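Note that the structure is a prediction, hence the values are computed from the model and not measured. By convention here, the first residue in the shown sequence is residue 1.
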Amino acid sequence: MIRTDWTVTEAATIHALPFPELMHRAQTLHRAHFDPTAIETASLLSIKTGGCPEDCGYCSQSAHYDTGVKATKLMGADEVIAAAKRAKDAGAQRFCMGAAWRSPKDRDMDKLTDMVRGVADLGLETCMTLGMLSPEQVSKLKDAGLDFYNHNIDTSPEYYAEIASTRTMEDRLETVEHVRKGGIKVCCGGILGMGEAEADRISMLVTLATLPSHPDSVPVNLWNAVKGVPVQGKSEKVDPFALVRLIALARILMPASVVRLSAGRTGMSDELQSLCFLAGANSIFVGNQLLTTENPATWKDNDLLQRLGMHVAPAKPASRSVEMAAQ
């Protein structure tokens, strides 16, 4: 049964279970909803880097901090589509396009929708993360065939003010609701290792698990060290077993959601990644680069899956491709 009425107390009790029991519960639910040997793959491209007016204290792309990241203009649609083709040839099933904005300007929407149509025509699932959206912008992206929209809540409601002041948790949840009501699949997760307490990590997952419907995709990121941002002074390395417990809790609270091991995999051993897969993670980013940080080489991911006897999940046709085929 898919529940949206979880309490923090319930979640904390599950999180504290003996490790074998926690893993058993997570794996049982994972098998009920997914092929436990299949891993979804996505590729991520920064289509507009740096210069963001938000002051998110973890982000290398904020204009508030000197991180060495240079601001760029929005890429052209042809350039993005060419990058998407390379990603597909390298094994990606979904192509995610990220822009460092507070929110897109209306003048950029035509170029963005051209990107969505072009990437979808390649047979890839499409995803974007552009900041906050209005219902009208959601509608335009939906009409273009956008499959997923990523808008992370980052951390718990209780800790959020410690990492950003230029927008609130309510702002983030409002965009998530616009996306959900607009018929685009929601990709929403958070970041671990920014100085938050264990209770904040649990609260973050409960916030996601008590939305009107669970996010279709839940990315779990480990904060990558960035010089010059406030989080650098309070970040703490996440204990490997603490990460596995959070993955297992995400799987139990949101059993039908795809749980993605996102940023931070370069610092994970093969054994830790394998435990995360066993706990219910079933998606990874592929390719050597995320937005501004490194990602494991494709050959390493392929080698790990082969050694585990696991495989890349069959590609799902992009919604625009399905619509065209039906015409």
Peer 1: Same cluster for Met132 and Val186 if Ile/Leu/Val/Met/Phe/Trp/Tyr side chains link at under 4.5 Å?
Peer 2: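 Per the 4.5 Å side-chain linkage, Met132 and Val186 are not co-clustered.
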Peer 1: Find the distance between OG1 (Thr28) and CZ (Arg251) and round it off to the nearest 0.5 Å.
Peer 2: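 Thr28 OG1 to Arg251 CZ: 12.0 Å, rounded to 0.5 Å.
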Peer 1: Could you work out, with ring-ring contact (aromatic ring centres under 6.0 Å, His included) as the rule, every residue matching His178, not counting sequence neighbours?
Peer 2: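 If we apply the ring-ring contact (aromatic ring centres under 6.0 Å, His included) test to His178, skipping adjacent residues, there are no hits.
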Peer 1: List the residues meeting salt bridge (Lys or Arg N to Asp or Glu O under 4.0 Å) with Lys300, not counting sequence neighbours, and say none if there are none.
Peer 2: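 Salt bridge (Lys or Arg N to Asp or Glu O under 4.0 Å) check on Lys300 returns nothing, list empty.
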Peer 1: Does any non-hydrogen side-chain atom of Asn224 lie less than 4.5 Å from one of Tyr58?
Peer 2: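 With C-beta onward as the side chain, the pair stays apart.
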Peer 1: Out of curiosity, Gln273 CD to Arg265 CZ, how far, rounded to the nearest 0.5 Å?
Peer 2: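 Reported value, rounded in 0.5 Å steps: 5.0 Å.
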Peer 1: So, Asp55 versus Thr166: side-chain donor-acceptor pair below 3.5 Å or not?
Peer 2: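 Yes, Thr166 and Asp55 have a side-chain donor paired with an acceptor closer than 3.5 Å.
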Peer 1: Answer yes or no: are there more than 12 heavy-atom neighbours, outside Phe241 itself, under 6.0 Å from its atom CZ?
Peer 2: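 It does not: Phe241 CZ has 12 such atoms or fewer within range.
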Peer 1: Look up atom NZ in Lys234 and atom CD in Glu196, then write down how far apart they are to the nearest 0.5 Å.
Peer 2: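 One finds 10.0 Å between NZ of Lys234 and CD of Glu196.
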Peer 1: In terms of hydrophobic clustering (I, L, V, M, F, W, Y; side-chain heavy atoms under 4.5 Å; direct or indirect links), are Phe148 and Ile47 co-clustered?
Peer 2: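 Different hydrophobic clusters.
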Peer 1: Met254 versus Leu205: any side-chain heavy-atom pair under 4.5 Å?
Peer 2: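 In contact.
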Peer 1: Report yes if the side chains of Asn152 and Asn221 come closer than 4.5 Å at any heavy-atom pair, otherwise no.
Peer 2: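 Yes - at least one pair of side-chain heavy atoms lies under 4.5 Å apart.
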Peer 1: Is any side-chain heavy atom of Leu17 closer than 4.5 Å to a side-chain heavy atom of Arg25?
Peer 2: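 In contact.
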Peer 1: Using a strict 4.0 Å threshold on nitrogen-to-oxygen distance, state whether Glu198 and Arg201 make a salt bridge.
Peer 2: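 Here Glu198 does not pair with Arg201 in a salt bridge, since their nearest N and O are not under 4.0 Å apart.
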Peer 1: Take His15 and Arg245, measure what side chain to side chain donor-acceptor pair (under 3.5 Å) needs, and give me the verdict at the end.
Peer 2: CA-CA 6 Å; His15 182 267; Arg245 282 186 175 275; 5.3 Å; no
Peer 1: How long is the span from the NZ atom in Lys70 to the CD atom in Gln61, to the nearest 0.5 Å?
Peer 2: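 If I round to the nearest 0.5 Å, the distance is 15.0 Å.
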Peer 1: Give a yes or no on whether Trp6 and Ile2 share a hydrophobic cluster (residues Ile, Leu, Val, Met, Phe, Trp, Tyr; joining criterion: side-chain heavy atoms under 4.5 Å apart).
Peer 2: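 No, separate clusters.
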Peer 1: How far does CD1 of Ile247 sit from CZ of Arg260, to the nearest 0.5 angstrom?
Peer 2: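 Here the interatomic distance stands at 11.5 Å.
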Peer 1: Look up atom CD1 in Ile81 and atom CZ in Phe95, then write down how far apart they are to the nearest 0.5 Å.
Peer 2: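 Answer rounded to 0.5 Å: 9.5 Å.
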Peer 1: Does His311 have more than 12 heavy atoms from other residues, nucleotides or ligands lying within 6.0 Å of its NE2?
Peer 2: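 Above 12, so yes.
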Peer 1: Tell me if the CD atom of Glu21 is crowded by more than 12 foreign heavy atoms within 6.0 Å.
Peer 2: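 Count over threshold, so yes.
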Peer 1: Taking the side chain as everything from C-beta on, heavy atoms only, tell me whether His30 gets closer than 4.5 Å to Pro255.
Peer 2: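 Not in contact.
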